[in-house]
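What you see is a predicted model, and the numbers here were worked out from it, not measured in a lab.
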Amino acid sequence: MVSFVCNHCQETLKKPKLDMHTQRCRYASFSCIDCGVDFAGTSYRQHTSCISEAEKYEGKLYKGNKKNNNNNNGNGNTQQTTKSTVDQLKAKAEELKTKAEEEDKEKKRKNKDDSESNGGEKKAKKSGGKKASTWDKTELPSDTVSALVCAIAAHVGETADETFDGMKKQCIRMVAGHPKNKAAKSDVKKKFKKALLLALEQDKVKLAKGAVIS
C-alpha cells in the first residue's frame, strides 16, 4: 500500500488515513514516500499505484519490464506532476486567502476591543467628573472638591452637634484616607473651603449662626 508523509507535520501515514489527517492538520500536503511526488489538496486520492517494492529496494539491479515501467512512469508521472502542480497552486492560493481572512478578522476584533476599551475609559472619566450626591467608601469622584462635598454632606448628616473644626478635620481625613483618592492631604485641606461653600450653595449643610469659615 502506498505511504505518504505530511509536508507540514512530517507524520508518515497510509493512504486510508490521509482524509482524516487533513481534518486535524490544517495546512497538510503530502509526498509519496516511494516516488517522491508532492500532492496538494486531495490529489493524493488518484495516486493508487507506484514503483514496485522490488524496484524500490533493488535500484539498478532491478530486472523487471523496464520498457513498460518507463512508459508507465513517464506518462503517469508527467500527468501526475502536472496535475499536482496545478493543485498545489490552487491549495496555496486557498491557504493565502484563508490566512488573509483570519488576519482581517483578528484586525477587526482588535479594533473593536480597542474601541470598547476607549469607550469605557471615556465613560469612566465622564462619570468620574460628575458630582456625586452621596458618600461611598469604595468609589470617589475624581475631583477633590466634589469628593469633599460628599464627605461634608455625609458627616454633617451623621453628627449634627459636632464643632466646625472637628467636622473639617474629619471630612479632610475621610477624603485623604479614601482608597481611590489621588490628591495629597495638603491639597485636600486647601480645597476644603471651596467645597464647603459649594455644599452650602447646594443646601447640603447648614451652618449655625455666627459660624466662621476659615
Side-chain angles (χ1 to χ4, degrees), residues 6-11 21-29 90-214:
C6 175
N7 295 326
H8 182 68
C9 67
Q10 303 304 313
E11 184 176 350
H21 184 76
T22 57
Q23 296 176 7
R24 59 186 177 84
C25 189
R26 189 169 185 177
Y27 302 110
S29 64
K90 288 181 179 180
K92 189 64 176 179
E94 188 66 27
E95 178 183 335
L96 293 174
K97 181 181 177 182
T98 302
K99 188 175 182 180
E101 289 175 352
E102 289 179 351
E103 289 177 351
D104 187 53
K105 288 180 182 178
E106 179 65 20
K107 186 177 181 181
K108 288 181 179 179
R109 186 192 66 75
K110 187 176 181 181
N111 289 339
K112 183 179 178 181
D113 291 344
D114 291 342
S115 178
E116 291 177 353
S117 177
N118 292 334
E121 290 178 1
K122 289 179 180 179
K123 186 176 180 181
K125 289 180 180 178
K126 186 176 181 181
S127 61
K130 291 182 179 180
K131 296 176 180 177
S133 58
T134 57
W135 176 258
D136 192 325
K137 292 182 179 180
T138 59
E139 297 295 331
L140 189 72
S142 58
D143 177 46
T144 305
V145 173
S146 298
L148 281 166
V149 170
C150 294
I152 291 169
H155 189 66
V156 172
E158 293 177 356
T159 55
D161 58 345
E162 189 177 25
T163 63
F164 176 78
D165 286 340
M167 180 271 291
K168 178 180 177 181
K169 290 179 181 179
Q170 184 60 27
C171 290
I172 292 172
R173 190 180 299 114
M174 286 170 66
V175 175
H178 196 283
K180 291 293 181 69
N181 175 57
K182 295 181 180 180
K185 188 173 183 178
S186 58
D187 292 333
V188 178
K189 288 182 179 179
K190 290 178 183 178
K191 294 182 179 179
F192 178 81
K193 182 177 179 180
K194 183 178 180 180
L196 180 59
L197 292 173
L198 183 60
L200 291 171
E201 288 177 5
Q202 297 176 357
D203 290 328
K204 300 284 186 182
V205 295
K206 295 184 182 297
L207 290 179
K209 275 188 177 183
V212 178
I213 301 174
S214 58

Nearest 0.5 Å, please: how far is [atom2] in [Y] from [atom1] in [X]?
| X | Y | atom1 | atom2 | answer |
| --- | --- | --- | --- | --- |
| K193 | K168 | NZ | NZ | 9.5 Å |
| T144 | K194 | OG1 | NZ | 10.0 Å |
| K191 | S186 | NZ | OG | 10.0 Å |
| R24 | C6 | CZ | SG | 8.5 Å |
| E95 | T98 | CD | OG1 | 8.0 Å |
| S115 | K108 | OG | NZ | 14.5 Å |

Could I get the full list of side-chain hydrogen bond (donor to acceptor under 3.5 Å, both in side chains) partners for H8, not counting sequence neighbours?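 Not a single residue meets the side-chain hydrogen bond (donor to acceptor under 3.5 Å, both in side chains) criterion with H8.
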Please test E11 against C25 for side-chain contact (heavy atoms from CB on, under 4.5 Å), starting from the C-alpha separation and ending with a verdict. CA-CA 10 Å; E11 184 176 350; C25 189; over 6 Å; no
Salt bridge check: are K169 and D165 linked by an N-O gap of less than 4.0 Å?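 Judged by the 4.0 Å cut-off on N to carboxylate O distance, K169 and D165 do not form a salt bridge.
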Exercise answer: donor-acceptor pairs, residues 172-179 side-chain atoms, under 3.5 Å, sequence neighbours excluded:
from, atom 1, to, atom 2, distance (Å)
R173, NH1, Q170, OE1, 2.6
H178, ND1, K180, N, 3.0
H178, NE2, D136, O, 2.8
H178, NE2, K137, O, 3.3
H178, NE2, E139, O, 3.4

Could you go through the salt bridge (charged side-chain N to carboxylate O under 4.0 Å, His left out) check for R109 and E106 one step at a time? CA-CA 5 Å; R109 186 192 66 75; E106 179 65 20; 2.6 Å; yes
So which atom in A195 and which in I152 form the shortest heavy-atom distance, rounded to 0.1 Å?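 It is C-CD1, 4.0 Å.
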